[in-house]
Amino acid sequence: AVVGTATDLAGNIGQVTSYVSIDVTAPQITPTRVPTPNAKGWNNTDVALNFSATDAFAGFAPNIISSASYSFSAEGMAQGATWSITDLADNTASLTVNDINIDKTKPTVTAVLASQPNSLGWYNSDVQAVFTCGDALSGIASCGPAQTLSVDGINQSVTGSAVDNADNTTSTVIANINIDKTPPVVTVTGVADGMTYILGAVPVAGCITDDALSGVATQASLSVTGGTANNVGEFTATCAGAMDVADNAGQTTAVYYVHYDYSGFFPPIANQPSVNTVRAGQAIPVKFNLGADFGLDILVANSPESQQTQCDSGAAVNDVLETVTAGNSSLVYDATAEQYVYSWKTQASWSGTCRRLSVKLDDGTSREAMFKFK
């Protein structure tokens, strides 16, 4: 308020009071947006930008609207608007908002397998999927990650996702991934690993191939190696060449033994644990049967052989009375008796000792008898 005086022509003095309104403060404008952007400043829907104004003093004329709204639906960066308002004191405020970023489009994601299956659609190793993502506007926030399938199984799948900076999400799936890293199971049939069979009664070897997942593409084939010309000794049955549908190879082996049909020494020699008593220096006929005539190459090198050993006084004693003509030791086959006969020439110096006679056959066995020399 302003106070003053005034005097009229008659000299009267009066007081005058005048009132003045002063507002030099511009209106206050507050912007709001719906919805609010994410932490990276992006929206993936339409955005409403609202302005509202307040004025603490002069206020606004009745015909002045103190708010404004703008709608943004187009994709783009740095969108916005400017709004102005004037109060009754002619103070003007203006505010520009230009940081509205809208991206409604989902990012792209593609998956690539690092390796390819075989022609039948199977893998026999780990499968890695790598994802590639793209976004033309807000950019990629996360992609993938790469995945590795390492477990056997059929119709497996991998899923990869892409998220852009506006929180748009998309994903892709690669299905029908078949993995079989397990070789087929190959089994030797007929003969068993570590078993011993008698010549003439050996089971027929064979092969079986099984595969529980991808299935059998190629059956294993049999090969048998080893043995002597008389078909005795150590044999190896090999089942090889098996293949499953996933290209896993499989094979197995079984080692078995074939022995002659040996039934022990014939008289005059008694079989262990009996001890045969003989005169040192005499020739002893060592007789045995192998089931048939297999020729004279049935003994290994340096067989038969004898070795001095401790005398076992507790064993049964068998007196060897039969002798043969002393001479060089030799092996013959007696077709009439169907027996092999080896004339073992002992030495006089063995008197008073005990020895173990070992007849080592080419089937890998050693047939033994005990002797006490007098």
Side-chain angles (χ1 to χ4, degrees), residues 35-47 72-77 101-189 206-221 238-253:
T36 58
N38 66 12
K40 296 181 180 179
W42 283 88
N43 292 90
N44 57 18
T45 60
D46 293 352
V47 175
F72 299 87
S73 60
E75 293 184 311
M77 295 179 63
N101 304 311
I102 299 176
D103 181 359
K104 302 178 186 179
T105 303
K106 292 182 178 181
T108 61
V109 55
T110 58
V112 177
L113 296 180
S115 57
Q116 295 300 312
N118 66 11
S119 60
L120 297 175
W122 282 89
Y123 293 89
N124 60 13
S125 60
D126 293 352
V127 178
Q128 184 183 51
V130 179
F131 300 94
T132 302
C133 305
D135 190 88
L137 187 52
S138 62
I140 292 296
S142 65
C143 181
Q147 298 180 44
T148 298
L149 291 177
S150 58
V151 178
D152 283 3
I154 191 170
N155 293 330
Q156 300 184 74
S157 62
V158 291
T159 300
S161 299
V163 180
D164 65 16
N165 287 314
D167 297 330
N168 296 298
T169 301
T170 190
S171 62
T172 187
V173 177
I174 300 180
N176 299 319
I177 299 174
N178 305 314
I179 301 175
D180 181 0
K181 299 188 289 184
T182 304
V185 178
V186 180
T187 306
V188 176
T189 61
C207 301
I208 293 179
T209 305
D210 293 301
D211 191 90
L213 188 52
S214 63
V216 177
T218 304
Q219 293 282 342
S221 58
T238 301
C239 291
M243 194 76 68
D244 65 14
V245 175
D247 297 332
N248 296 297
Q251 72 172 48
T252 192
T253 60

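Just so we're clear, the structure is a prediction, and the values are computed from it rather than from any experiment.
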If I compare all heavy atoms of [X] with all of [Y], which pair ends up nearest, and what's the gap?
{"X": "S150", "Y": "K181", "value": "O-NZ, 2.7 Å"}
{"X": "V109", "Y": "C133", "value": "CG2-SG, 3.8 Å"}
{"X": "A166", "Y": "S138", "value": "N-OG, 3.5 Å"}
{"X": "T105", "Y": "D164", "value": "O-OD2, 3.3 Å"}
{"X": "I174", "Y": "I177", "value": "O-CD1, 3.9 Å"}
{"X": "P117", "Y": "G121", "value": "CB-C, 3.6 Å"}

Spacing of [atom1] belonging to [X] relative to [atom2] belonging to [Y], to within rounding of 0.5 Å:
{"X": "N38", "Y": "N101", "atom1": "CG", "atom2": "CG", "answer": "9.5 Å"}
{"X": "N165", "Y": "N44", "atom1": "CG", "atom2": "CG", "answer": "11.5 Å"}
{"X": "Y123", "Y": "I179", "atom1": "OH", "atom2": "CD1", "answer": "8.0 Å"}
{"X": "Q156", "Y": "N176", "atom1": "CD", "atom2": "CG", "answer": "11.0 Å"}
{"X": "T172", "Y": "F131", "atom1": "OG1", "atom2": "CZ", "answer": "7.5 Å"}
{"X": "I102", "Y": "N43", "atom1": "CD1", "atom2": "CG", "answer": "6.0 Å"}

Begin with the C-alpha distance, continue with both residues' side-chain angles, and end with the deciding distance and a verdict on side-chain contact (heavy atoms from CB on, under 4.5 Å) for T169 and D167.
CA-CA 6 Å; T169 301; D167 297 330; 5.9 Å; no
Using the side chain to side chain contact (heavy atoms under 4.5 Å, CB included) rule, pick out the option among T170, V163, D135 that qualifies with K106.
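For K106, the side chain to side chain contact (heavy atoms under 4.5 Å, CB included) test succeeds with only one of T170, V163, D135, which is T170.
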Quick one: does any side-chain atom of [X] pair with a main-chain N or O of [Y] as donor and acceptor, under 3.5 Å?
{"X": "S73", "Y": "D46", "answer": "no"}
{"X": "Q147", "Y": "T159", "answer": "yes"}
{"X": "T209", "Y": "A220", "answer": "yes"}
{"X": "N168", "Y": "D103", "answer": "yes"}
{"X": "D180", "Y": "S214", "answer": "yes"}

When you look at V245 and D211, which way does the side-chain contact (heavy atoms from CB on, under 4.5 Å) test go after all the steps?
CA-CA 9 Å; V245 175; D211 191 90; over 6 Å; no
Compare all side-chain heavy atoms of T252 with those of T187 and state whether any distance is below 4.5 angstrom.
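In short, these two side chains do not touch, never coming nearer than 4.5 Å.
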Kindly check if the number of other-residue, nucleotide or ligand heavy atoms within 6.0 Å of NZ (K104) is above 12?
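Yes, because the 6.0 Å sphere around NZ of K104 holds more than 12 heavy atoms from other groups.
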